[in-house]
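As the structure is a prediction and not an experimental result, all values here were calculated from the model.
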Amino acid sequence: MRTPLLRSAARLLRRRLLGATGAALLAGALLAGTPAGAARAADATPTAPAAAAPAPAAAGELPPDGDTVASPPGANDWTCRPSTAHPNPVVLVHGTFANRYENWLVLSPLLKSLGYCVFALDYGTVPGITSSGSGLLLPIGGLAPVADSAAQLGRFVDLVRGATGAAQVDLVGHSQGGMLPNYYLKFLGGAAKVGKLVALAPSNHGTTLDGITNLAPYFPRVAELIYTACAACRDQAVGSDFNRRMATRPDTVPGVRYTVISTVYDEVVTPYRSQFLDGAGGAGAAAVDNEVVQAHCPLSLAEHVAVAFAPTALHLVTNALDPAHATPVLCG
């Protein structure tokens, strides 16, 4: 049974998610309706289907996702073949206490409208805790140890590559979903399979949760309640064993282009500058763009959840995925 504390955390995120939905729909309409968006969609000329890349025959071939959650609009069309304009399929990775449907209701159809092959997985579900769902009555994920979830992402990437015939994918993640791909790149051999990693409000160096994690030693029973239900929460705390292991290697790996998109109003991954990545890794160092939403739109009030739906943030995502056709960023 899910603990009251976990249910409360999930409800809080769902309320913020629902509060962001109006802005999300506006974001999709604004971005898809721009001349640049229309041009990108028109330029997305399909290539010939790859004969040696059959789509999965059954859902059972997908990585074990725990509870089944519907795909967001535009995602998981296993017959999709990448276009010459967008040769890398995009894999969307949701955050903690989230799932693929809710997290990517707007970005998934937006990317599909621009001509991308889009895929989204659920990961990190815990039987007995996430089975009944909450908020919108959908199961939540992102609770399992981050290393386990990163391995699950790796299996999903291999399925996408096999189905589409693409040599590489691009990854877009939110919160934990923006950080765990870096574990995949650093420790699980994912670097050769990924072209770009675009991370919205990622917990790259852990979080103090505005100091809440610093209080955990004074309330061990409360902390254990959280960490028993959510191993990923323990992993994402500043100073965790997981973060110490991540720090044994440079922030980035050569060959991958990184974009971090943060908001100054992030109240979950704090301080927000801890999300930034350092690309100074010597010869062959990866390219890193650390972006702040308010640098492009000072009026934006997007916080940790809403940044995955804010027009400015989504425009930064599309620019990062297709830098050769980047356009001036909308403020919204």
Q: Quick one: do Tyr265 and Val292 end up in the same hydrophobic cluster if we chain Ile, Leu, Val, Met, Phe, Trp and Tyr together by side-chain heavy atoms under 4.5 Å apart?
A: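 Cluster IDs for Tyr265 and Val292 match.
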Q: Checking side-chain contact (heavy atoms from CB on, under 4.5 Å) against Asp251, which of Val288, Asp278, Asn204 comes through?
A: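 Output: one option passes, namely Asp278.
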Q: Keeping Asp148 on the side-chain end and Gly124 on the backbone end, is there a donor-acceptor pair under 3.5 Å?
A: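 Between the backbone of Gly124 and the side chain of Asp148 there is no qualifying donor-acceptor contact (under 3.5 Å).
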Q: Supply the atom-to-atom distance Lys196 NZ to Gln168 CD, rounded to the nearest 0.5 angstrom.
A: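 Reported value, rounded in 0.5 Å steps: 8.5 Å.
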Q: Of all heavy-atom pairs between Gly115 and Ser83, which one has the smallest distance, and what is that distance?
A: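 Heavy-atom minimum between the residues: O-OG, 3.8 Å.
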Q: Quick one: are Pro202 and Val260 in side-chain contact, heavy atoms under 4.5 Å?
A: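 Result yes, sub-4.5 Å side-chain heavy-atom pair found.
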Q: Rounded to the nearest 0.5 Å, what separation is found between the CG atom of Asp266 and the CD atom of Glu303?
A: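 Between atom CG of Asp266 and atom CD of Glu303 there are 7.5 Å.
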Q: Considering only heavy atoms from C-beta outward, does the side chain of Thr125 approach that of Asn99 to under 4.5 Å?
A: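 A side-chain contact under 4.5 Å is absent here.
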Q: State whether the side chain of Thr270 and the backbone N or O of Glu267 hold a donor-acceptor pair below 3.5 Å, judged by distance alone.
A: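 Checked: no pair found.
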Q: How long is the span from the CG atom in Leu321 to the CG atom in Leu114, to the nearest 0.5 Å?
A: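 Those atoms lie 9.5 Å apart.
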Q: Thr263 and Gln294: side-chain donor and acceptor closer than 3.5 Å?
A: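 Short answer, yes.
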Q: Taking the side chain from Gln176 and the backbone from Gly142, do they hold a donor-acceptor pair closer than 3.5 Å?
A: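 Looks like yes, one N/O pair under 3.5 Å.
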Q: Under a 3.5 Å cutoff, is there a donor and acceptor pairing between the side chains of His315 and Thr327?
A: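 Per modelled atom types, His315 and Thr327 side chains form a pair under 3.5 Å.
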Q: Nearest 0.5 angstrom please: Leu197 CG to Asn182 CG, how far?
A: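 Spacing of CG (Leu197) from CG (Asn182) equals 6.0 Å.
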Q: Honestly curious: do Leu188 and Val146 fall in one hydrophobic cluster under the side-chain, below-4.5 Å linking rule?
A: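 Yes, it is one cluster - the side chains of Leu188 and Val146 are joined through contacts under 4.5 Å.
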Q: Test: salt bridge (charged side-chain N to carboxylate O under 4.0 Å, His left out). Region: residues 176-191. Which pairs qualify, not counting sequence neighbours?
A: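 Every pair satisfying salt bridge (charged side-chain N to carboxylate O under 4.0 Å, His left out) with a residue in residues 176-191: there are none.
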Q: Mind checking whether Lys193 and Val169 have side chains closer than 4.5 Å, heavy atoms only?
A: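 In short, these two side chains do not touch, never coming nearer than 4.5 Å.
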Q: Please give me the minimum heavy-atom distance between Ala237 and Asn243, naming the atom from each residue.
A: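 Minimum heavy-atom contact is O-ND2, 3.0 Å.
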Q: Taking Ser240 for the side chain and Asp235 for the main chain, is one N or O donor matched with an acceptor at less than 3.5 Å?
A: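 Such a contact is found between Ser240 side chain and Asp235 backbone.
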Q: Salt bridge or not between Asp289 and Arg257? Use side-chain N to carboxylate O under 4.0 Å.
A: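 Arg257 and Asp289: salt-bridged.
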Q: Show your reasoning for whether side chain to side chain contact (heavy atoms under 4.5 Å, CB included) applies to Phe309 and Leu107.
A: CA-CA 7 Å; Phe309 302 89; Leu107 184 58; over 6 Å; no
Q: Looking only at atom types and distance, does a side-chain atom of Thr312 sit under 3.5 Å from a main-chain N or O of Cys297, one as donor and one as acceptor?
A: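 A pair under 3.5 Å: no.
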Q: Does the side chain of Asn88 come within less than 4.5 Å of Tyr116's, by heavy atoms?
A: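 Of all side-chain heavy-atom pairs linking Asn88 with Tyr116, none is under 4.5 Å.
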Q: If I take atom CG from residue Leu316 and atom CG from residue Leu330, how far apart are they, to the nearest 0.5 angstrom?
A: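 Here the rounded value is 10.0 Å.
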Q: Any chain of hydrophobic side-chain contacts (each under 4.5 Å) joining Val238 to Val268?
A: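 The answer is no; the residues belong to distinct hydrophobic clusters.
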Q: Is the shortest side-chain heavy-atom distance between His86 and Asp170 below 4.5 Å?
A: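 Result no, sub-4.5 Å side-chain heavy-atom pair not found.
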Q: For residues Phe242 and Tyr183, establish whether the separation of their ring centroids is below 6.0 Å.
A: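 That pair passes the under 6.0 Å test.
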Q: Which atom names give the shortest non-hydrogen contact between Tyr101 and Pro73, and what distance separates them?
A: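 Taking Tyr101 first and Pro73 second, the nearest heavy atoms are CE1-CD, 4.3 Å.
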Q: Mark yes or no for whether Arg100, through its side chain, and Leu105, through its backbone, hold a donor-acceptor pair below 3.5 Å.
A: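 Flag not set: sc Arg100 to bb Leu105 has no pair under 3.5 Å.
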Q: What are the two closest heavy atoms between Gly74 and Ser108, and how far apart are they?
A: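 Minimum heavy-atom contact is C-OG, 3.7 Å.
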Q: Can you name the nearest heavy-atom pair linking Tyr258 to Val253, along with the distance?
A: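 Distance-wise, the nearest heavy atoms are OH-N, 3.0 Å.
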Q: Between Ala320 and Thr259, what is the shortest heavy-atom contact and its length?
A: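 So the two residues come closest at CB-OG1, 3.5 Å.
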Q: Examine distances only and state if a side-chain atom of Gln236 and a backbone atom of Ser203 form a donor-acceptor pair shorter than 3.5 Å.
A: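 No: the side chain of Gln236 does not pair with the backbone of Ser203.
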Q: Begin with the C-alpha distance, continue with both residues' side-chain angles, and end with the deciding distance and a verdict on side chain to side chain contact (heavy atoms under 4.5 Å, CB included) for Val90 and Leu92.
A: CA-CA 6 Å; Val90 177; Leu92 304 177; 3.9 Å; yes
Q: If you define the side chain from C-beta out and look only at heavy atoms, does anything of Val269 sit under 4.5 Å from Ser274?
A: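 They are in side-chain contact.
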Q: Classify the angle between the aromatic ring planes of Phe276 and Tyr272 as parallel (below 30°), tilted (30 to 60°) or perpendicular (above 60°).
A: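 Rings of Phe276 and Tyr272: perpendicular, as their planes differ by over 60°.
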Q: Looking at Asp77, Asn76, Leu159, which hits side-chain contact (heavy atoms from CB on, under 4.5 Å) with Phe119?
A: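 Looking at Asp77, Asn76, Leu159, the match for Phe119 under the side-chain contact (heavy atoms from CB on, under 4.5 Å) is Asn76.
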Q: Output the distance between atom CH2 (Trp104) and atom NE2 (His174), rounded to the nearest 0.5 Å.
A: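 Reported value, rounded in 0.5 Å steps: 7.0 Å.
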Q: Side chains of Pro181 and Leu153, heavy atoms from C-beta outward: is any pair under 4.5 Å?
A: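 A side-chain contact under 4.5 Å exists here.
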Q: Taking Thr79's backbone N and O only, do any of them form a donor-acceptor pair with Arg81's side chain (distance below 3.5 Å, no angle check)?
A: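 Answer holds: yes.
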Q: Are His304 and Ser175 packed together at the side-chain level, in the sense that at least one heavy-atom pair is separated by less than 4.5 angstrom?
A: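 A side-chain contact under 4.5 Å exists here.
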Q: Before you tell me yes or no, could you show the steps for Arg155 and Asp158 under salt bridge (Lys or Arg N to Asp or Glu O under 4.0 Å), namely the whole-Å CA-CA distance, both residues' side-chain angles and the distance that decides it to 0.1 Å?
A: CA-CA 5 Å; Arg155 296 193 296 272; Asp158 286 343; over 6 Å; no
